[in-house]
Amino acid sequence: MKENIVAVCISGKQEAWSIPEIPFYCHTEGYRDFPHYPPVKTRERIRYLAERRNAAHKRALELHPNTEHFLSIDSYYLSYVHEIQHLLQEYSNYNAECVLGATNWFSDYSRIPLKLRYWDTWATPEMKDKRFDYYPKHEGLPEGWESVRGCGGFAVYPRWVWERRGYGMPEPFPDAGNEVNYLCQCPGISSYVSLNVRVLRETPKEIRDRSLINRLRTTLKVGTRLGVRRPLINRASEMHRLGPEPIREDILD
């Protein structure tokens with residue numbers, strides 16, 4: 001059983017934490033506002049994020065010197081208490097050391113019909129074309145785990161990984177990912193995401209508020225080649241009359 005886990009978050013304000021048995025440190029110093037969508041793929045932003053994450057981990061160790069594992073969690077995911085507990089349980093039950101992340105998704109309104117797509121494909125390119133119902137079964141791994149190059153902003157890993165590697169600038173940039181990928185490149189450890197733990201990001205307003213005609217144009221880039229132009233137009237008209245399709249709660253559990 002893996003114990004002495006400390007949660008670390010970076011934010012512009014002090015965030016609430018709902019799991020009292022796990023110590024939590026929220027680092028607010030040095031906050032700068034960057035757009036979240038589309039992601040800003042600049043060295044300036046990644047250096048900024050790496051420096052703040054490293055400062056947060058350093059301060060968390062000063063407050064909790066017996067820390068053995070870090071749960072690095074961005075503020076977007078703090079309300080997912082069940083998912084946090086589930087991820088920590090899977091991590092603790094796995095005999096080997098690893099970096100383990102949750103999977104993050106968003107409702108993509110840019111096409112017709114609405115689909116759930118993977119959010120952080122820069123850090124986790126292996127999930128770029130995966131459907132929401134994708135469920136891997138790889139020999140030697142727990143069911144639902146996928147080997148990846150980076151775990152995004154909701155991951156748990158041994159303390160020594162941060163002490164040995166830390167967050168930094170992966171090269172070649174930006175093809176090698178962001179500061180999270182730099183940490184996950186630590187020699188001697190593998191990184192995975194668990195499809196047993198899924199969280200939803202809020203859809204960016206640039207996608208959520210896209211007009212019907214722009215959604216249709218995006219869809220028809222594929223649709224016209226498949227000879228389905230008329231059904232898609234009919235479907236678009238029906239969706240416009242009825243409004244957006246609701247997200248099925250049963251597929252999000």
Side-chain angles (χ1 to χ4, degrees), residues 7-15 25-60 70-78 99-111 116-130 146-157 161-187 189 191-193 199-210 214 218 221:
V8 176
C9 176
I10 58 172
S11 179
K13 62 182 179 67
Q14 286 297 327
E15 303 285 352
Y25 172 65
C26 181
H27 187 75
T28 60
E29 296 178 15
Y31 174 77
R32 293 170 57 190
D33 187 27
F34 283 91
H36 295 301
Y37 184 87
V40 180
K41 296 184 178 183
T42 64
R43 289 182 179 273
E44 177 190 12
R45 176 172 175 261
I46 298 311
R47 287 195 186 98
Y48 156 77
L49 289 172
E51 289 172 0
R52 291 197 75 219
R53 293 192 192 280
N54 287 331
H57 282 60
K58 180 180 179 181
R59 181 55 178 157
F70 283 115
L71 168 64
S72 179
I73 181 165
D74 289 344
S75 58
Y76 324 109
Y77 310 119
L78 293 175
V99 181
L100 181 63
T103 57
N104 45 58
W105 306 79
F106 75 104
S107 299
D108 184 3
Y109 292 88
S110 66
R111 292 174 174 84
L116 293 174
R117 298 187 185 277
Y118 203 77
W119 172 263
D120 199 356
T121 54
W122 187 22
T124 316
E126 296 84 356
M127 294 296 294
K128 181 177 181 180
D129 298 317
K130 298 294 191 297
E146 184 85 353
S147 179
V148 295
R149 284 177 277 174
C151 295
F154 184 172
V156 58
Y157 41 85
V161 172
W162 176 77
E163 290 181 323
R164 182 179 301 178
R165 184 69 174 174
Y167 288 90
M169 183 75 64
E171 299 292 351
F173 184 84
D175 295 338
N178 54 39
E179 79 284 357
V180 170
N181 298 88
Y182 185 89
L183 178 87
C184 291
Q185 291 172 3
C186 182
I189 198 163
S191 299
Y192 309 100
V193 291
V199 292
L200 279 182
R201 288 286 300 255
E202 182 180 358
T203 302
K205 63 181 180 61
E206 294 88 346
I207 295 177
R208 185 189 65 233
D209 299 338
R210 186 168 294 182
N214 285 335
T218 302
K221 289 180 182 179

*Mind listing the closest non-hydrogen atom pair of His57 and Trp162 along with its distance?*
CB-CE2, 3.4 Å
*Short side-chain to backbone donor-acceptor contact, Glu126 and Arg149, under 3.5 Å*: yes
*Output every pair passing salt bridge (charged side-chain N to carboxylate O under 4.0 Å, His left out) with a member in residues 171-181, not counting sequence neighbours, ordered by first then second residue.*
Arg43-Glu171, Arg53-Glu179
*More than 12 foreign heavy atoms under 6.0 Å from CD of Glu29: is that the case here?*
no
*Measuring from Arg201:CZ to Leu116:CG, what's the distance to the nearest 0.5 Å?*
14.5 Å
_By side chain to side chain contact (heavy atoms under 4.5 Å, CB included) - contacts of Val180 (at least two apart)_ = Tyr167, Asn178, Cys184
*What do the steps show when you test Tyr157 against Ser191 for side chain to side chain contact (heavy atoms under 4.5 Å, CB included), and what is the final call?*
CA-CA 9 Å; Tyr157 41 85; Ser191 299; over 6 Å; no
*Going from OG1 on Thr103 to NZ on Lys130, what distance comes out if it is rounded to the nearest 0.5 angstrom?*
12.0 Å
*Test item: Asn181 side-chain N/O and Ala123 main-chain N/O as donor-acceptor pair under 3.5 Å*: yes
*For Arg164, which residues count as a side chain to side chain donor-acceptor pair (under 3.5 Å) partner, sequence neighbours excluded?*
none
_Minimum heavy-atom distance between Cys151 and Val99, given as atom pair plus value_ = SG-CG1, 3.8 Å
*Min side-chain heavy-atom separation Trp105-Met127 under 4.5 Å*: yes
*Return the set of residues passing side chain to side chain contact (heavy atoms under 4.5 Å, CB included) with Arg52 (not counting sequence neighbours), or none when no residue passes.*
Ile10, His27, Tyr31, Tyr48
*Find out whether Phe106 and Leu200 are in side-chain contact, i.e. whether some heavy atom of one side chain is under 4.5 Å from a heavy atom of the other.*
no
*Compare all side-chain heavy atoms of Tyr77 with those of Asn104 and state whether any distance is below 4.5 angstrom.*
yes
*Can you list the residues that meet the side chain to side chain donor-acceptor pair (under 3.5 Å) rule with Gln185, with sequence neighbours excluded?*
Arg165
*Just jot down the side chain to side chain donor-acceptor pair (under 3.5 Å) partners of Glu44, sequence neighbours excluded, or say none.*
Arg32
*What residues form a salt bridge (Lys or Arg N to Asp or Glu O under 4.0 Å) with Glu51, not counting sequence neighbours?*
none
_Arg59: salt bridge (Lys or Arg N to Asp or Glu O under 4.0 Å) partners, not counting sequence neighbours_ = Glu62
*Between Trp119 and Val199, is there a donor-acceptor pair closer than 3.5 Å when you use the side chain of the first and the backbone of the second?*
no
_My understanding is that only residues two or more places apart in sequence, or in another chain, count here; which of them pass side chain to side chain contact (heavy atoms under 4.5 Å, CB included) with Ser11?_
Cys9, Lys13, Glu15, Cys26, Ser75
_If the condition is side chain to side chain donor-acceptor pair (under 3.5 Å), which residues does Thr124 pass it with, not counting sequence neighbours?_
none
*Apply side chain to side chain contact (heavy atoms under 4.5 Å, CB included) to Ala60 and list each qualifying residue two or more places apart in sequence or on a separate chain.*
Val6, Val8, Tyr25, Phe70
